[in-house]
> 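Encoded as structure tokens, here's the structure I'll be asking about.
Note that the coordinates shown come from a computational prediction; the quantities given were computed from them, not determined experimentally.
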Amino acid sequence: APAAEPPAPAEAPPGVSLTTDWFNGIFSSAYPWPSLCCTRLTDMIFKPLVTVEYNYQSAEIIERRDLSLASDWGSDDFITWRFNLRSDVAWHDGEPFTASDVEFTYNLLLDLLDSGGAFAGWQAERLARAKIEKVVAVDAQTVDVVLSAPNSDLPRQLSAIYILPRHLLEGLEQGNAEQFQFFFDNPVGLGAFIFAEYGPGEVVTLKSNPGYFLGAPVIEPLIARRMDDNTIKVMLAGNGEMDVIHVSENETGWIRPQRLQ
């Protein structure tokens, strides 16, 4: 009998293209803090210690321990907070994520605030409003955050601050763009997608993170392209050339991209 035909290879999941309205790189200063202008991208590459969800109808903020880098947290007096970290999280370069990274990130921001340097970005402002006095890595999976005054809102405030890799950034001079250029060119985070490349025409390509602690995304690749003209966005989405766009609601009510249904 003739040999059986080998099974056909599984079809690769489709990539997804999306637009961003304005874009000047993942980073927009001489400091290693992801830029607010690229929130859609930075949320995919980086992770905060705590993840929250916003219910805009009820104005309720829900703490999602199941989606966070910290598996649990709490405080008896709202001054000393303890965060217990997941043990199954790794940086995109394979190094383990530990409490040392959290300590490094928050103390780096505290140092910048204390020095009165040029950087006073939104993440530093969040840290200042949180009333954080010191951050201590108790062990590899435990970090204590001590405040100067009671603050029951600390987890929500920390949800806006991305954690950075200590093993790559420790010892570098804050504000020295040349020292951080390697990280700007190839950012390493904890998120669901890994940075792949910058392309011409302000295009960023991300690939699925196979080691993501919540499971690897099936989308591969994810391509973000700067596009300012809403008419062109709508046209490309309507004919299937663009999967996700960001324009006003009255311009997109008729769009039903077939590939994502």
> Is the shortest side-chain N to carboxylate O distance from R166 to D101 below 4.0 Å?
no
> Nearest 0.5 Å please: distance from the CG atom of L154 over to the CZ atom of F83.
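Between L154 CG and F83 CZ, I get 4.5 Å after rounding to 0.5 Å.
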> Which heavy-atom pair separates P187 from F46 by the least distance, and what is that distance?
CB-CZ, 3.8 Å
> Nearest 0.5 angstrom please: T51 OG1 to I62 CD1, how far?
13.0 Å
> Please check: side-chain N/O of H167 versus main-chain N/O of P96, any donor-acceptor pairing under 3.5 Å?
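Here the side-chain-to-backbone pair does not exist.
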> Could you check whether any side-chain N or O of N209 sits under 3.5 Å from a backbone N or O of A216, counting only pairs where one atom can act as donor and the other as acceptor?
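Side chain of N209 to backbone of A216, a donor-acceptor pair under 3.5 Å: no, none is there.
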> Looking at D185 and Y198, what are the two nearest heavy atoms and their distance?
O-CE1, 4.1 Å
> Does some side-chain heavy atom of V145 sit less than 4.5 Å from a side-chain heavy atom of L147?
yes
> Is there side-chain contact between V136 and V146, with heavy atoms separated by less than 4.5 Å?
no
> Where is the tightest heavy-atom contact between P221 and T205, given as atom of each residue plus distance?
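Shortest heavy-atom contact: CB-CG2, 3.9 Å.
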> Report yes if some heavy atom in the side chain of L168 is under 4.5 Å from a heavy atom in the side chain of W91; otherwise report no.
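No, their side chains stay 4.5 Å or more apart.
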> Heavy atoms, side chains only, cut-off 4.5 Å: are W81 and P155 in contact?
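With C-beta onward as the side chain, the pair touches.
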> Return yes if some donor-acceptor pair links the side-chain N/O of D153 with the main-chain N/O of R156 below 3.5 Å, else return no.
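Answer holds: no.
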> Mind checking whether I161 and I61 sit in one hydrophobic cluster, side chains of I, L, V, M, F, W, Y counted as touching below 4.5 Å?
yes
> Quick one: do L214 and V89 end up in the same hydrophobic cluster if we chain Ile, Leu, Val, Met, Phe, Trp and Tyr together by side-chain heavy atoms under 4.5 Å apart?
yes
> Please round to the nearest 0.5 Å and tell me the distance separating atom CG of L109 and atom CZ of F104.
9.5 Å
> Does E63 come within less than 4.0 Å of R65, counting only side-chain N to carboxylate O?
yes
> Is E220 salt-bridged to K207, going by a charged N under 4.0 Å from an acidic O?
no
> Side chain to side chain contact (heavy atoms under 4.5 Å, CB included), that's the test. Do L85 and L49 meet it? Break it down for me.
CA-CA 9 Å; L85 309 186; L49 180 63; 3.5 Å; yes
> After noting the C-alpha distance and the side-chain angles of I223 and V204, does the key distance pass the side chain to side chain contact (heavy atoms under 4.5 Å, CB included) rule?
CA-CA 6 Å; I223 302 170; V204 170; over 6 Å; no
> What are the two closest non-hydrogen atoms of P48 and L69, and how far apart are they?
O-CD1, 3.2 Å
> Consider only side-chain N and O atoms of N186 and E197, and report whether a donor and an acceptor are under 3.5 Å apart.
no
> Which heavy atom of F213 sits nearest a heavy atom of D88, and at what distance?
CB-O, 3.6 Å
> Decide yes or no on side chain to side chain contact (heavy atoms under 4.5 Å, CB included) for F97 and I163, but give the supporting numbers first.
CA-CA 10 Å; F97 161 69; I163 304 300; 4.0 Å; yes
> Roughly how far, to the nearest 0.5 Å, is OH of Y212 from CE of M44?
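Going from CE on M44 over to OH on Y212, the span is 11.0 Å.
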> Within the distance-only criterion (no hydrogens, no angle test), does the side chain of H92 pair as donor or acceptor with the backbone N or O of I194 below 3.5 angstrom?
no
> Can you tell me how far the OH atom of Y106 sits from the CG atom of L108, to the nearest 0.5 Å?
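That separation rounds to 12.5 Å.
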> Using a 3.5 Å distance criterion without hydrogens, assess whether the side chain of E103 forms a donor-acceptor pair with backbone atoms of A137.
yes
> So does L67 get a backbone contact from the side chain of K47, meaning a donor-acceptor N/O pair under 3.5 Å?
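Yes; at least one donor-acceptor contact below 3.5 Å.
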> Would a distance-only check, ignoring hydrogens and angles, find a side-chain to backbone donor-acceptor pair under 3.5 Å from S71 to N84?
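Yes, the answer is positive, given that a donor and an acceptor are paired below the 3.5 Å cut-off.
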> Output the distance between atom CD (Q157) and atom OG (S152), rounded to the nearest 0.5 Å.
9.0 Å
> Would you name the heavy atoms of V52 and S159 that are closest together and state the gap between them?
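Closest approach of V52 to S159: CG2-OG, 3.5 Å.
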> Following the transitive rule for hydrophobic clusters with a side-chain heavy-atom cut-off under 4.5 Å over Ile, Leu, Val, Met, Phe, Trp and Tyr, establish whether L164 and F182 coincide in one cluster.
yes
> Have S75 and D77 got a donor and an acceptor in their side chains that come within less than 3.5 Å?
yes
> Keeping the roles fixed (side chain from S208, backbone from P210), state whether a donor-acceptor pair exists under 3.5 Å.
no
> Under 4.5 Å between side-chain heavy atoms, counting indirect links through other Ile/Leu/Val/Met/Phe/Trp/Tyr residues: same cluster for I79 and W73 or not?
no
